[in-house]
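Both backbone and side-chain heavy atoms feed into the values below; hydrogens, waters and symmetry mates do not. Computed from a predicted structure; not experimentally measured. Every chain is numbered from 1, with letters handed out A, B, ... down the list of sequences.
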Number of protein chains: 2
Amino acid sequence: MSDTQVPPNAAPVKAEAKADPRSPFPNPNQQTAKKLAQTVERATQVFADRGLRFTKLRQQVFAEIAATHASIGAYEILARLGEKGTRVAPISIYRAIDALLDAGVIHRLESKNAFFACRRTDHTVKGKRPIFLSCEKCGAVGEVDGQHIFDLIGEAAKGAKFNPRVKFVEVSGFCPRCATGET
Amino acid sequence: MSDTQVPPNAAPVKAEAKADPRSPFPNPNQQTAKKLAQTVERATQVFADRGLRFTKLRQQVFAEIAATHASIGAYEILARLGEKGTRVAPISIYRAIDALLDAGVIHRLESKNAFFACRRTDHTVKGKRPIFLSCEKCGAVGEVDGQHIFDLIGEAAKGAKFNPRVKFVEVSGFCPRCATGET
DNA sequence: CGCGCAATCGTTATATTATAACGCTTGCAG
DNA sequence: CTGCAAGCGTTATAATATAACGATTGCGCG
Ligand SMILES: [Zn+2]
Ligand SMILES: [Zn+2]
Ligand SMILES: [Zn+2]
Ligand SMILES: [Zn+2]
């Protein structure tokens with residue numbers, strides 16, 4: 001199941017080139033090393049601010065996750081690090097993932113048992129919860145603000161005398177670059 | 001994890017007896033053999049109406065799922081059927097589950113990799129999608145209508161030029177009978 | 001009725017995701 | 001510089017899910 005490969009050729013089509021880089025689905029071909037470095041830098045900052053240790057392994061795991069806009073499974077991370085010479089046990093990957101989740105720099109996609117890098121700044125600081133949009137074709141995951149929706153879900157739950165603690169909203173479908181009914 | 005067994009005797013306690021049976025969280029002690037039979041009967045009807053085969057194994061698997069208001073994992077079903085003398089391979093359980101999901105008589109709880117019986121009639125006929133409320137203490141799962149919320153999620157997705165296909169909303173928390181901060 | 005096809009199921013094996021247990025190392029507060 | 005908690009290595013195993021292939025069964029149709 002090696003999905004989400006970015007076709008290494010993929011010369012950016014003109015129409016795509018203008019995609020707003022602040023869209024939840026920026027053109028991944030525009031993911032430069034520099035942008036990745038910025039993302040890592042932001043994570044570093046989050047760890048520092050919260051007095052957590054952004055260890056080498058955590059950095060490596062985060063870098064693998066952030067290297068793609070798609071979601072990625074723990075064992076895929078394991079394999080990619082392995083190719084780069086970092087051989088660790090699954091448990092180590094999961095421990096790093098747990099720390100990254102706690103820090104809020106990655107999210108877990110429940111419907112795929114996979115993880116992706118958070119590219120927003122507005123909800124690591126809580127109070128602005130996102131909903132996840134996962135592309136069935138290319139695997140890309142985008143986040144859009146869903147605070148209003150989460151509020152309504154909370155109300156619906158309370159209407160059933162249910163006391164909500166954690167809410168999940170995930171959407172599977174097709175991202176802008178993979179179109180709709182396209183084969 | 002043998003939770004939520006319905007004590008076959010279960011004399012209804014007075015204080016609990018007044019819970020509205022149409023609530024998403026009816027008192028499971030009131031789950032009589034008769035009610036279970038009704039639930040199975042409803043599933044039978046759905047299969048008949050849609051020209052699908054409600055085979056013996058599917059009935060058995062459905063009965064196990066419907067025997068509790070909690071969600072239940074595939075291997076837990078496997079074990080319970082085993083205790084009753086029906087020894088099958090995991091794949092057979094999963095095949096039955098797939099058929100039950102297709103028929104809409106059970107749902108999958110993505111956040112727990114588990115399944116629960118649908119006890120509503122209004123969304124097996126589509127157009128009235130439910131959100132799932134899963135209790136962290138007793139495991140009970142309730143459904144409440146969420147069509148409005150799903151509509152908003154669809155709009156949020158389209159706002160990001162994302163074409164939604166499948167959506168889910170799950171809430172983890174505490175059901176009315178397990179209270180809030182209660183130890 | 002009996003043929004033939006598709007759906008179902010059995011059987012075996014394996015893939016994928018995740019955690020338990022225990023001890024060593026390391027960073028750092030005091 | 002010592003002692004403790006966090007992090008990590010190592011080994012083993014649990015929990016969830018699917019692949020492959022052949023046998024059986026239900027059932028429409030000639
Ligand atoms: Zn995020
Ligand atoms: Zn896509
Ligand atoms: Zn339902
Ligand atoms: Zn409960």
Just the rounded figure in Å: distance from P of D:dA17 to CG of B:L109.
12 Å
Which atom names give the shortest non-hydrogen contact between B:A156 and A:I131, and what distance separates them?
CB-CD1, 4.0 Å
Atom CG of B:D98 to atom C1' of D:dA19: distance rounded to whole Å?
14 Å
Is a donor-acceptor contact shorter than 3.5 angstrom present between the side chain of B:Y75 and the base of D:dA17?
yes
For atom CD of B:E76 and atom C1' of D:dA14, their distance in whole Å
14 Å
Spacing of B:K112 atom NZ relative to C:dT19 atom P, expressed in whole Å
14 Å
Do you know the tightest heavy-atom contact between B:I93 and B:A74?
CG2-O, 3.7 Å
What's the OH-P distance between A:Y94 and D:dT13, to the nearest Å?
19 Å
Just to verify, what does B:N113 make a side-chain hydrogen bond (donor to acceptor under 3.5 Å, both in side chains) with, not counting sequence neighbours?
B:R108
Measure the spacing between CZ of B:F25 and SG of B:C135 and express it to the nearest 0.5 Å.
7.0 Å
Between C1' on C:dA18 and CG on A:N113, what's the gap in Å once rounded to a whole number?
9 Å
Gap between atoms CD and C1', on B:Q60 and C:dT8 respectively (whole Å)
14 Å
When rounded to the nearest 0.5 angstrom, what distance separates OG in A:S172 from CZ in A:F132?
14.0 Å
Within this structure, what is the CZ-to-P distance between A:F54 and C:dG27, rounded to whole angstrom?
17 Å
Summary of protein contacts for nucleotides 6-12 of chain D, nucleotide by nucleotide, where a base hit scores B, a sugar-phosphate-only hit scores S (4.0 Å, heavy atoms):
SSBBBB-
Measure the acute angle between the ring planes of A:F47 and A:F54, then classify it against the limits of 30° and 60° as parallel, tilted or perpendicular.
parallel
